[in-house]
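For reference, the structure discussed in these notes is given below.
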Amino acid sequence: MTVIIAVLQAVLLVALAPLVSGIARKIRARMHSRTGASVLQDYYDLAKLWRRCEVREGPSGLVSRAMPAVYLGTMALLAAGLPLIMQACPVPLLGDIITILYLMALPRFLFSLASIDSGAAYPSIGGIRELLVGVLVEPSLMLVLFVMALAVGSTNVGVMAEAVGTLSAYPAVAVVVAGVACAMACYIEMGKLPFDLAEAEQEIQEGPLAAYSGPSLAMLKLGVSVKQLVVASLFVAIFLPFGAAASLAPADLLLGLVTYLVKLAAVLLVAAVIENSVMRVRYKLLGRYTWFVVGIASLSLVFLVIGI
């Protein structure tokens, strides 16, 4: 039963990702006093790309060819392992924070490596920016998950969710501060402004997408959208687990699904409003902003050590 739930979670997030991206663009257009495209535009774009012929650059090799499928597959695997509908992880092995961190690092590594493998200068610059963002934000996320693991005595995300949901995670102040740091780190990981604009190929971070076309570009676009949902769901699963199903009863699972969708929509709405209220930051100045996140994550560790 839990394996079925894991598969359904992955299918749900992959199916919802284009819709969420379209809604975010619609919110951006309304905030900018524009009409904007349909919220279903991403589905139309993906369908068009799947029907087109794929063109590859001459110098590109195996890494560039395999990266789109690995990127999307890794995001789907993460979606299957997180405790979204239930408090417990559907697949315990995929719910361990060590596994999650490695799976989140794999697409970024291949994304950057593919930018170099493409043989073009512009994608290579985008790959460098992607690595820079990873170096700046991943330590904060790792520290937050480490603090939560120490607070609940387990590296399993499901155990963390259960402890937070029952208000038994201790020390409480350290958990709250860790939640704030996690929210900020997840916002950066989602590729939102002021740190990046993940849907535009002309942006520096999305430079490697310029080397792709056809089905490969469709998989990458879908993978980027799914990643935003996965990162937001990671925050929801750990720090907002309230309403998640405690058993496998159909009524509990249905209530957990509805509650999860409401919480995810609220988190994405807040992220969309923040994104469209700020301006983009030059990538050389990113460290000035991410150090603040590192400081809050370190503060949560200090509170954990002193027991408050």
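From a predicted model like this one, the values you see are computed outputs, not experimental measurements.
One hydrophobic cluster holds both L13 and L19 under the rule that ILVMFWY side chains link at heavy-atom gaps under 4.5 Å. Residues V236 and L269 share a hydrophobic cluster, clusters being chains of Ile/Leu/Val/Met/Phe/Trp/Tyr side chains in contact below 4.5 Å. Under the 4.5 Å side-chain heavy-atom criterion for Ile, Leu, Val, Met, Phe, Trp and Tyr, L94 and V7 are members of distinct hydrophobic clusters. Hydrophobic clustering, with ILVMFWY side chains joined whenever heavy atoms are under 4.5 angstrom apart, keeps L255 apart from M86. L150 and L145 are members of different hydrophobic clusters when ILVMFWY side chains are connected at heavy-atom separations under 4.5 Å.
The side chain to side chain donor-acceptor pair (under 3.5 Å) contacts involving residues 252-265 comprise S233-Y260, S247-D252, where partners must be two or more places apart or lie in separate chains.
Side chain of Q9 to main chain of A79: a donor-acceptor pair is present (N/O by atom type, distance under 3.5 Å, no hydrogens or angles). Remark: the backbone N or O of A66 is not paired with any side-chain donor or acceptor of Y71 at under 3.5 angstrom. T99 places no side-chain N or O within 3.5 Å of a backbone atom of G95 that could act as its donor or acceptor partner. Side-chain atoms of K48 do not come within 3.5 Å of backbone N or O of G214 as any donor-acceptor pair.
The two residues P83 and C89 make their nearest non-hydrogen contact at CD-SG, 3.8 Å. A163 and V152 get closest at one heavy-atom pair: CB-CG1, 3.5 Å. The heavy-atom pair separating A10 from A76 by the smallest distance is CB-O, 3.5 Å. In terms of heavy atoms, L82 sits closest to V230 at CD1-O, 3.8 Å. The minimum heavy-atom distance linking N156 with P92 is given by the pair ND2-O, 3.4 Å. A pairwise comparison of heavy atoms in G179 and F235 identifies O-CE1, 3.4 Å as the closest pair.
Crowding of F109 atom CZ: a count of heavy atoms from other residues, nucleotides or ligands under 6.0 Å not exceeding 12. Heavy atoms of other residues, nucleotides or ligands lying less than 6.0 angstrom from CZ of F242 number more than 12. Taking a 6.0 Å sphere around CZ of R52, one finds it holds 12 or fewer heavy atoms contributed by other residues, nucleotides or ligands.
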Decide side-chain contact (heavy atoms from CB on, under 4.5 Å) for S225 and V20; before the verdict, give the C-alpha distance in whole Å, the side-chain angles of both, and the deciding distance to 0.1 Å.
CA-CA 8 Å; S225 298; V20 172; over 6 Å; no
For a side-chain contact (heavy atoms from CB on, under 4.5 Å) check, start with the C-alpha distance between R34 and R28, then their side-chain angles and the critical distance, and finish with the verdict.
CA-CA 8 Å; R34 295 184 286 107; R28 181 182 307 120; 4.2 Å; yes
Apply side-chain contact (heavy atoms from CB on, under 4.5 Å) to residues E138 and M104 and explain how you reach the verdict.
CA-CA 9 Å; E138 284 183 357; M104 291 184 68; 5.7 Å; no
Can you list the steps and then say if I5 with L253 is a side-chain contact (heavy atoms from CB on, under 4.5 Å)?
CA-CA 9 Å; I5 293 175; L253 292 176; 4.0 Å; yes
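Counting only heavy atoms from C-beta outward, the side chains of L84 and L264 never approach each other to under 4.5 Å. With a 4.5 Å cut-off on side-chain heavy atoms, L141 and V137 do not count as touching. Between L222 and M75 the shortest side-chain heavy-atom distance does not fall below 4.5 Å. Here the side chains of D45 and K221 are not in contact, with every heavy-atom distance at 4.5 Å or above. Two residues are said to be in side-chain contact when any heavy atoms from C-beta on lie closer than 4.5 Å; L46 and P18 meet this criterion. A 4.5 Å side-chain heavy-atom check between Y102 and D96 finds every atom pair outside the cut-off. When side chains are defined from C-beta on, L12 counts as touching L257, because their heavy atoms get closer than 4.5 Å. Taking the side chain as every heavy atom from C-beta outward, M160 and F239 never approach each other to under 4.5 Å.
Atom OG of S140 and atom CD1 of I296 lie 9.0 Å apart (nearest 0.5 Å). With rounding to the nearest 0.5 Å, the separation of CD1 in I238 from CE in M148 is 6.5 Å. In this structure, CD1 on I27 lies 8.5 Å from CG on L268, to the nearest 0.5 angstrom. Atom-to-atom distance recorded for R108:CZ and L113:CG is 14.5 Å, nearest 0.5 angstrom. The distance from the OG1 atom of T74 to the CG atom of L103 is 6.5 Å, given to the nearest 0.5 Å. To the nearest 0.5 Å, atom CG of residue L106 and atom CE of residue M67 are 11.0 Å apart.
With respect to the salt-bridge test (charged N to carboxylate O, under 4.0 angstrom), the residues D42 and R25 qualify.
In this structure E162 satisfies the salt bridge (Lys or Arg N to Asp or Glu O under 4.0 Å) test with no other residue, sequence neighbours excluded.
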For a quick test of your reading: what N or O donor-acceptor pairs under 3.5 Å do the side chains of residues 298-308 make, sequence neighbours left out?
| from | atom 1 | to | atom 2 | distance (Å) |
| --- | --- | --- | --- | --- |
| S298 | OG | V294 | O | 2.8 |
| S300 | OG | A297 | O | 2.5 |

